Enquirer: 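I'd like to ask some things about the structure below.
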Amino acid sequence: MMPSKKIRCPKCGGVLEVSNPQNVPSLLIQCPNPSCNARIRVAFDIGKTILATHKDKDVIGGLRWNDICYPLLEGKNTIGRKSPNSEATIQIPVNDMSMSRIHAEIEIVKLPNGRVKAILSDLRSDEKIQQKPLLKGDYPLDAVDRVDMCYGDVLLMGNTSLEYISDE
């Protein structure tokens with residue numbers, strides 16, 4: 001029996017079952033929904049499937065929340081609460097009003113030696129709303145902080161915890 005995983009299309013939200021017969025690190029598939037047809041890259045990490053991305057870039061780690069792993073791509077990834085007017089590239093579907101619609105940024109940089117560096121920044125900007133500070137573990141970040149991340153780091157955005165995962 002071939003192992004398969006369920007993912008959610010990031011464009012249409014449909015649930016797809018993806019199998020990995022060759023046990024490769026990532027697959028490029030097309031959403032079977034005729035009104036969507038998004039190209040989706042699905043990455044496999046330590047036996048778990050990372051949520052798909054429709055961008056044609058490699059997934060380089062992710063943020064795990066509530067048994068879902070949101071992919072991190074090379075470059076700047078903004079993280080925030082899902083909302084109709086949120087512009088975050090990763091939108092977490094929570095009713096946590098202490099989490100901003102754009103709360104943090106994780107910049108993924110490929111180094112010349114082939115390794116990857118993940119840099120965390122706090123992006124909360126609307127001081128009218130009493131948003132909680134971004135925490136890495138027990139360490140609160142200020143707007144000027146840029147902190148390197150390691151596998152397993154736990155981030156707290158408002159009352160929502162996310163775990164950073166990567167291949168490194």
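Keep in mind it's a predicted model, so treat the numbers as computed, not measured. The first residue of the sequence shown is numbered 1, and numbering continues consecutively from there.
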Enquirer: Out of Q91, R101, M99, which residue meets the side chain to side chain contact (heavy atoms under 4.5 Å, CB included) rule with K82?
Expert: Q91
Enquirer: Could you state the interatomic distance from OH (Y164) to CG (L120), rounded to the nearest 0.5 Å?
Expert: 10.5 Å
Enquirer: Minimum heavy-atom separation for A88 and I102, please, with both atom names.
Expert: N-CG1, 4.0 Å
Enquirer: I want to check something: taking the side chain as every heavy atom from C-beta on, are D148 and I119 in contact at a cut-off of under 4.5 Å?
Expert: yes
Enquirer: Do you know which two heavy atoms are closest between Y70 and P93, and how far apart they sit?
Expert: OH-CD, 3.2 Å
Enquirer: Show your working on side-chain contact (heavy atoms from CB on, under 4.5 Å) between I108 and L73 and close with a plain yes or no.
Expert: CA-CA 7 Å; I108 303 293; L73 306 174; over 6 Å; no
Enquirer: Is there a donor-acceptor contact under 3.5 Å from the side chain of T78 to the main chain of T89?
Expert: yes
Enquirer: Measure the CD-CD1 distance between E105 and I90 for me, rounded to the nearest 0.5 Å.
Expert: 11.0 Å
Enquirer: Do N66 side-chain atoms and I68 backbone N/O form a donor-acceptor pair below 3.5 Å?
Expert: no
Enquirer: Could you measure the distance from the OG1 atom of T160 to the CG atom of D96? Nearest 0.5 Å is fine.
Expert: 3.5 Å
Enquirer: Measure the CE-CZ distance between M157 and R81 for me, rounded to the nearest 0.5 Å.
Expert: 13.0 Å
Enquirer: Check I106 against A118 and note the closest heavy-atom contact, atom names and distance.
Expert: CG2-CB, 4.1 Å
Enquirer: If I take atom CG from residue D122 and atom NE2 from residue H103, how far apart are they, to the nearest 0.5 angstrom?
Expert: 5.5 Å
Enquirer: For residues I79 and I92, determine if any side-chain heavy atom of one lies less than 4.5 Å from a side-chain heavy atom of the other.
Expert: yes
Enquirer: I need the D153 CG to L162 CG distance, nearest 0.5 Å.
Expert: 12.0 Å
